[in-house]
Amino acid sequence: MITEGDILSEDIDRDGNLDLIFADVGGRALVQLGRGDGTFGSPVGYDTLHSAFGIAVADFDGDGRLDIASTSIATEAVSVQYNRSCYTPCPADLTGSSDPRERTYGVPDLDVDADDFFYFLDRFVDGNLAFCDVDHDGDCDAEDFFTYLDLFAAGC
């Protein structure tokens with residue numbers, strides 16, 4: 001369990017990237033979704049039934065998705081934010097924008113389009129193994145490129 005000021009890292013949205021979960025000064029549970037390149041999206045706040053003091057992340061209802069539980073010293077209560085997301089990662093869905101200045105850059109958007117292809121191409125040229133090593137053999141080569149093209153053509 002973490003307390004105010006501490007941070008947990010878990011893959012809360014099951015996209016293969018670590019996300020950050022923490023309590024803010026106002027007592028809310030906050031989640032920042034990881035983009036897979038070392039950056040994170042803007043914090044999204046979840047109100048709790050009381051001011052969150054400590055937060056724990058686990059699959060509390062056994063459905064395979066991580067949930068967030070928070071505690072309060074003032075009320076001696078526990079509240080659980082059940083993860084009801086239906087997001088299933090799509091290997092070809094990499095970004096919502098091909099422009100690094102956009103907020104959706106590097107964040108899957110459930111739409112496989114040209115932005116995803118050019119994002120992959122940029123990562124491939126950079127040799128970024130986290131994205132371009134599609135076959136997980138430790139390098140970025142033609143096989144990875146054509147494997148991604150197959151995934152891209154299949155869509156989600």
J.: V134 and F118: same hydrophobic cluster, using ILVMFWY side-chain contacts below 4.5 Å?
T.: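 Yes; F118 is reachable from V134 via cluster members.
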J.: Looking at every non-hydrogen atom in both residues, tell me the closest pair between A130 and G36 and how far apart they are.
T.: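 Between these two residues, the closest heavy atoms are CB-O, 4.3 Å.
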J.: Counting only N and O atoms by type, is there a donor-acceptor contact under 3.5 Å from the side chain of Q32 to the main-chain atoms of S42?
T.: no
J.: Mind checking the OG1-CZ spacing from T95 to F120? Nearest 0.5 Å is all I need.
T.: 14.0 Å
J.: Identify every side-chain donor-acceptor pair in residues 147-156 under 3.5 Å, counting partners at least two apart or on other chains, and give the distances.
T.:
unit_1: T147; atom_1: OG1; unit_2: E143; atom_2: O; d: 2.7
unit_1: Y148; atom_1: OH; unit_2: A92; atom_2: O; d: 2.8
unit_1: Y148; atom_1: OH; unit_2: D116; atom_2: O; d: 3.4

J.: What closest approach, in Å, do S97 and D99 show between heavy atoms, and which atom pair accounts for it?
T.: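 In this case the closest contact between S97 and D99 is OG-N, 3.0 Å.
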J.: Is there a continuous path of hydrophobic side-chain contacts, each under 4.5 Å between heavy atoms, that joins Y105 to L33?
T.: no
J.: Just how far is it from atom CG of D126 to atom CG of L121, taken to the nearest 0.5 Å?
T.: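 One gets 9.5 Å once the value is rounded to the nearest 0.5 Å.
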J.: So how far is it from L129 CG to R123 CZ, rounded to the nearest 0.5 Å?
T.: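 That separation rounds to 12.5 Å.
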J.: Does any non-hydrogen side-chain atom of D61 lie less than 4.5 Å from one of V80?
T.: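 Side chain of V80 against side chain of D61, heavy atoms only: no contact under 4.5 Å found.
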J.: If you take all heavy atoms of F131 and L94, which pair is closest and at what distance?
T.: CD2-CD2, 4.2 Å
J.: Checking side-chain contact (heavy atoms from CB on, under 4.5 Å) for the pair D19/D11: CA distance, chi angles, key distance, verdict?
T.: CA-CA 5 Å; D19 308 308; D11 184 9; 3.6 Å; yes
J.: Please say yes or no: joined through hydrophobic side-chain contacts below 4.5 Å, possibly via intermediate residues, are F146 and F117 part of one cluster?
T.: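 Yes: a chain of side-chain contacts under 4.5 Å links F146 to F117.
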J.: If only atom types and distance count, is the side chain of D133 paired as donor or acceptor with the main-chain N or O of G138 below 3.5 Å?
T.: yes
J.: Determine yes or no for a side-chain-to-main-chain donor-acceptor pair under 3.5 angstrom, with D137 supplying the side chain and D139 the backbone.
T.: yes
J.: Any side-chain to backbone donor/acceptor pair from D122 onto Y119? Under 3.5 Å, distance only.
T.: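 Answer holds: no.
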J.: Return yes if some donor-acceptor pair links the side-chain N/O of D59 with the main-chain N/O of L66 below 3.5 Å, else return no.
T.: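 The answer is no, because no donor-acceptor pair under 3.5 Å joins these two groups.
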J.: Kindly write out the residues that satisfy ring pair (Phe, Tyr, Trp, His ring centres under 6.0 Å) with F145, not counting sequence neighbours, or none if the list is empty.
T.: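 Scan of F145 (ring pair (Phe, Tyr, Trp, His ring centres under 6.0 Å), adjacent residues dropped) gives F124.
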J.: Can you tell me if D144 uses its side chain to pair, donor with acceptor, with the backbone of D135 under 3.5 Å?
T.: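 Yes: the side chain of D144 pairs with the backbone of D135.
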J.: Between D37 and R35, does at least one N-O distance fall below 4.0 Å, as a salt bridge requires?
T.: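 Salt bridge: no.
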J.: Are L30 and I21 close enough that some pair of their side-chain heavy atoms sits under 4.5 Å apart?
T.: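 In short, these two side chains do not touch, never coming nearer than 4.5 Å.
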